[in-house]
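In what follows, a single structure is set out as structure tokens and then discussed.
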Amino acid sequence: MEAGAFPSDQYAMDSQIRHHGLDPKRCLVEVALPDDRDEDPTAPVLKQIALLGERLSVVMLGAVHYYTGSFFDIPSVVEAAHRVGALVGLDLAHAAGNVPLELHAWGVDFACWCSYKYLNSGPGGPAGLFVHRKHHARQDLGRLEGWWGHEAATRFEMPRDFVPATGAQAWQLSNAQVMAMAPMRWPWNSMTEPAWRPFVTNPLH
Ligand SMILES: *Cc1c(COP(=O)(O)O)cnc(C)c1O
């Protein structure tokens with residue numbers, strides 16, 4: 001991961017590594033980035049990927065660095081990481097709603113983001129997550145599972161065993177707040193559908 005990442009990312013990586021019974025001090029490599037945001041932030045990442053080679057497991061980056069505003073060249077990172085058999089995960093907190101993203105086409109393995117920055121939802125707004133389609137049916141992935149990740153059709157039967165929902169939904173832990181989700185519904189013009197009319201008089205203003 002990049003050095004100086006947002007604390008949540010650092011804590012998440014440290015704790016994930018510990019969950020795997022490993023020591024973050026030995027297993028987490030932090031790549032120093034140039035201070036000047038006009039300098040290419042991706043080159044040091046690509047260099048480190050090449051250095052680690054097949055010892056590398058996951059590349060985790062804030063796609064747009066939250067301090068410098070640098071936007072990594074994600075397709076190059078994905079290509080380099082996949083070449084050595086590593087996954088790529090992105091924190092899109094400063095990218096979602098800010099820069100064009102083609103997560104699927106770029107082959108990003110997973111990503112998550114908050115909606116309270118460039119998507120303007122306000123503190124406590126819903127988070128989003130992406131899991132590449134090629135991983136959806138995998139049975140070998142460790143996953144923290146919650147009831148909202150269960151297949152929707154049978155979720156309310158309260159079954160003893162987890163049957164994953166199709167897609168990234170399987171990674172959901174719990175339900176989202178309806179009032180916070182409502183303004184994020186996309187496309188905006190769907191808000192003129194009958195179900196929304198009582199709440200939205202003029203969705204474009
Ligand atoms: C703001 C921010 C977060 C925090 O997101 P929460 O949804 O509040 O946990 C995570 N990563 C980066 C890079 C951020 O800027």
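When a ligand or atom number is given, it counts from 1 through the structure's own listing order.
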**Item:** Atom indices of ligand 1 within 4.0 angstrom of D91 heavy atoms, with elements
**Value:** 10 (C), 11 (N), 12 (C), 13 (C)
**Fill in**
heavy-atom search around atom 7 (O) of ligand 1 in the protein gives C114 CB, 3.5 Å
**Complete:** If you scan protein heavy atoms around atom 9 (O) of ligand 1, the nearest is S8 OG, 4.1 Å
**Message:** Looking only at side-chain N and O atoms, does E151 offer a donor or acceptor that is under 3.5 Å from a partner on T154?
**Reply:** yes
**Message:** Do the side chains of D23 and K25 get close enough for a salt bridge, i.e. N-O under 4.0 angstrom?
**Reply:** no
**Pair R133-H136, side-chain donor/acceptor within less than 3.5 Å** = no
**Prompt:** Is there side-chain contact between M1 and L61, with at least one heavy-atom pair below 4.5 Å?
**Reply:** no
**Asked** Quick one: does K117 get a heavy atom under 4.0 Å from ligand 1?
**Response** yes
**Message:** Are any of the N/O atoms on Y66, whether in the backbone or the side chain, positioned under 3.5 angstrom from an N/O atom of ligand 1?
**Reply:** no
**Item:** Parallel, tilted or perpendicular: rings of F6 and Y66 (30°, 60°)
**Value:** perpendicular
**Item:** Within-shell test, Y116 vs ligand 1, heavy atom, strictly < 4.0 Å
**Value:** yes
